[in-house]
2 protein chains.
Amino acid sequence: MSPLSPSDDDGPPLRADAQRNRARILDAAEAVFAELGAGASTEEVARRAGVAIGTVFRHFPTKNDLLAAIMKRLLARLVAEAGELGGGDGLFTFFSRLVAQAAGKRSVVDLLARAGVEIRLPDTVGHLEQAVGELLRQAQEAGTVATAVRLPEVMALLISVCQGALHGGWDAGLQERTLGVIFGGLRGH
Amino acid sequence: MSPLSPSDDDGPPLRADAQRNRARILDAAEAVFAELGAGASTEEVARRAGVAIGTVFRHFPTKNDLLAAIMKRLLARLVAEAGELGGGDGLFTFFSRLVAQAAGKRSVVDLLARAGVEIRLPDTVGHLEQAVGELLRQAQEAGTVATAVRLPEVMALLISVCQGALHGGWDAGLQERTLGVIFGGLRGH
DNA sequence: TGACAAGCTGAGTCTCCACTCACTATTCTC
DNA sequence: GAGAATAGTGAGTGGAGACTCAGCTTGTCA
């Protein structure tokens, strides 16, 4: 893994054009990887962003760095989303939203799956676990989730169901029924 | 997709050495893809099988054909395994065994996920659905699974949980607790 | 056992893709 | 607005991996 990518560290601030391009590249990469999976070429990202390929590599020295940067944004968004939920149904809502996203976008899941393997993002992943943990706590307090349920299996289910939704191309009905089974299991009865 | 691979069609029977090599290639491929995922090189498969790479391509004109052949064997085994189970716990046992396999081997899941995407194996996948459907029917008859549960969500959960186990590297305890939640959901209370 | 078909071999081709770098263009600073 | 620093460009490099094929080997069958 390269050292910190520009705009992450505290080095000299980026030039205006560089900031613009960096944002364009991130957006393009997110879209491209969402459509084609993490196997999509860096060239395609550059084309979509409207920059030369060299520019992509200037900002993200390796393809992995680019993936990591996207992953970080995605996770940060999820954490934010989780942070806004709560109460008895927060955890369930979070599950549903994640799955709905996963069914359409390869990136979320393709990347989620890589966390901890090729990409190291312990902090951000930790934050997500923390946020989900809080949702779990609130749900258990409200009595909508059995107290025997622990965080690791909730995370495991979250990842599983995203993977499944992605690969299986679930429609809305199947999503609902599948989650229904899991929610039943979480409730305990 | 290429036409039928040798030994699937009814053309002239394979020569003895060809049969031997075909079997070796399939075994090697299964092992290699299990370890390294479907991205492993055909060269590695040839090396492990102790044949030249040309031989692999003689038997399986494209890498996809090779993957399809392995997939077919894997699914056939799963169907056979499902066929031997039954009663109130058959479905649960099947789930547990699949997940236990998935946690160790990339192939099962990596390939399961591709069914219907790159690889076309409608018959065999259909057979698996049929076999799982029978397990579901028996479990519902025995009262261990709620009657509201339908086959599609069972398949969806099966695939999800395999994906999750694969990517997350679950240990035995996590497997058990995660499946516990799902089993609870299937039971209905 | 000889002859022919079937199968095996592996160096070589082709394509794709991550990544580089010498050069040019833009922005910033004073 | 000029000079310096920063950023952009895109043809080029290197490597990996799927797939081919001309020549050699082996099994089969009369």
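Every heavy atom of this structure was used, including side-chain atoms; hydrogens, water molecules and symmetry mates were not. Chain A is the first sequence line, chain B the second, and so forth, proteins listed ahead of strands; every chain is numbered from 1.
Close to D:dA7, at under 4.0 Å from its OP1 or OP2, lies no side-chain N or O of A:N21. Side-chain nitrogen and oxygen atoms of B:T55 include at least one within less than 4.0 Å of the OP1 or OP2 phosphate oxygen of C:dT9. Dashed line: the shortest gap from a side-chain N or O of A:R20 to OP1 or OP2 of C:dT27 is under 4.0 Å. Contact annotation: A:T42 does not reach the phosphate of C:dC17 (side-chain N/O to OP1 or OP2, under 4.0 Å). Note on B:H59: every side-chain N or O is 4.0 Å or more away from OP1 and OP2 of C:dG7.
Placement of B:L14 and B:F57 in two distinct hydrophobic clusters is found when ILVMFWY residues are connected by side-chain heavy-atom separations under 4.5 Å, directly or transitively.
Within the 3.5 Å criterion, the main-chain N or O of B:A18 finds no donor-acceptor partner in the side chain of B:N21. B:D171 places a side-chain N or O within donor-acceptor distance of the main-chain N or O of B:L174, the cut-off being under 3.5 Å. Looking only at distances, a side-chain donor or acceptor of A:Q138 sits under 3.5 Å from a matching main-chain atom of A:G87.
The environment of B:E176 atom CD is sparse: at most 12 non-hydrogen atoms of other residues, nucleotides or ligands sit within 6.0 angstrom.
Between the CG atom of A:L36 and the P atom of C:dC16 there is a distance of 15 Å, given to the nearest Å. For the pair A:L67 CG and C:dC17 P, the computed distance is 14 Å after rounding to whole Å. One interatomic measurement links the two molecules: CZ of B:R47 to P of C:dT9, which rounds to 14 Å at whole-angstrom precision. A straight line from NZ of B:K63 to P of D:dA18 spans 4 Å, rounded to a whole angstrom. B:L14 places its CG atom 14 Å from the C1' atom of C:dA5, with the value rounded to the nearest Å. Distance, B:D17 CG to C:dA5 P: 17 Å, rounded to whole Å. We find that CG of B:L66 is positioned 15 Å from P of D:dG17, with the value rounded to whole Å. Atom CZ of B:F60 is separated from atom P of C:dG7 by 13 Å (rounded to the nearest Å).
Across D:dG10, C:dG10, C:dT26, the shortest atom-to-atom separation from the side chain of A:I53 is found for D:dG10. With distances taken from any side-chain atom of B:A16 to the nucleotides C:dG7, C:dT9, D:dG27, the minimum falls on D:dG27. Candidate nucleotides D:dG17, D:dA11, D:dT20 were compared by shortest atom distance to the side chain of B:F57, and D:dT20 ranks first. Taking every side-chain heavy atom of A:V51 into account, D:dT9 is the closest of D:dG17, D:dT9, C:dC19.
Using a 4.0 Å heavy-atom cutoff across all strands shown, A:A46 reaches no nucleic acid atom at all.
Residue order along DNA chain C, read from the 5' end via each residue's closest nucleotide, puts B:R15 first among B:R15 and B:A52. In terms of position along DNA chain D, the nucleotide closest to A:A18 lies nearer the 5' end than the nucleotide closest to the other residue of the pair A:E43 and A:A18.
A:E153 has no carboxylate O lying under 4.0 Å from a charged side-chain N of A:R150, or vice versa, which leaves the two without a salt bridge.
Taking the screw axis at each terminus of the helix from C:dT1-D:dA30 to C:dC30-D:dG1 from five consecutive base pairs, the angle between the two is 20° to within rounding of 10 degrees.
Results of the salt bridge (Lys or Arg N to Asp or Glu O under 4.0 Å) test with B:D27 over B:R73, B:R48, B:R20 single out B:R73 as the only residue that passes.
Here the side chains of A:L157 and B:I182 are in contact, with some heavy-atom distance below 4.5 Å.
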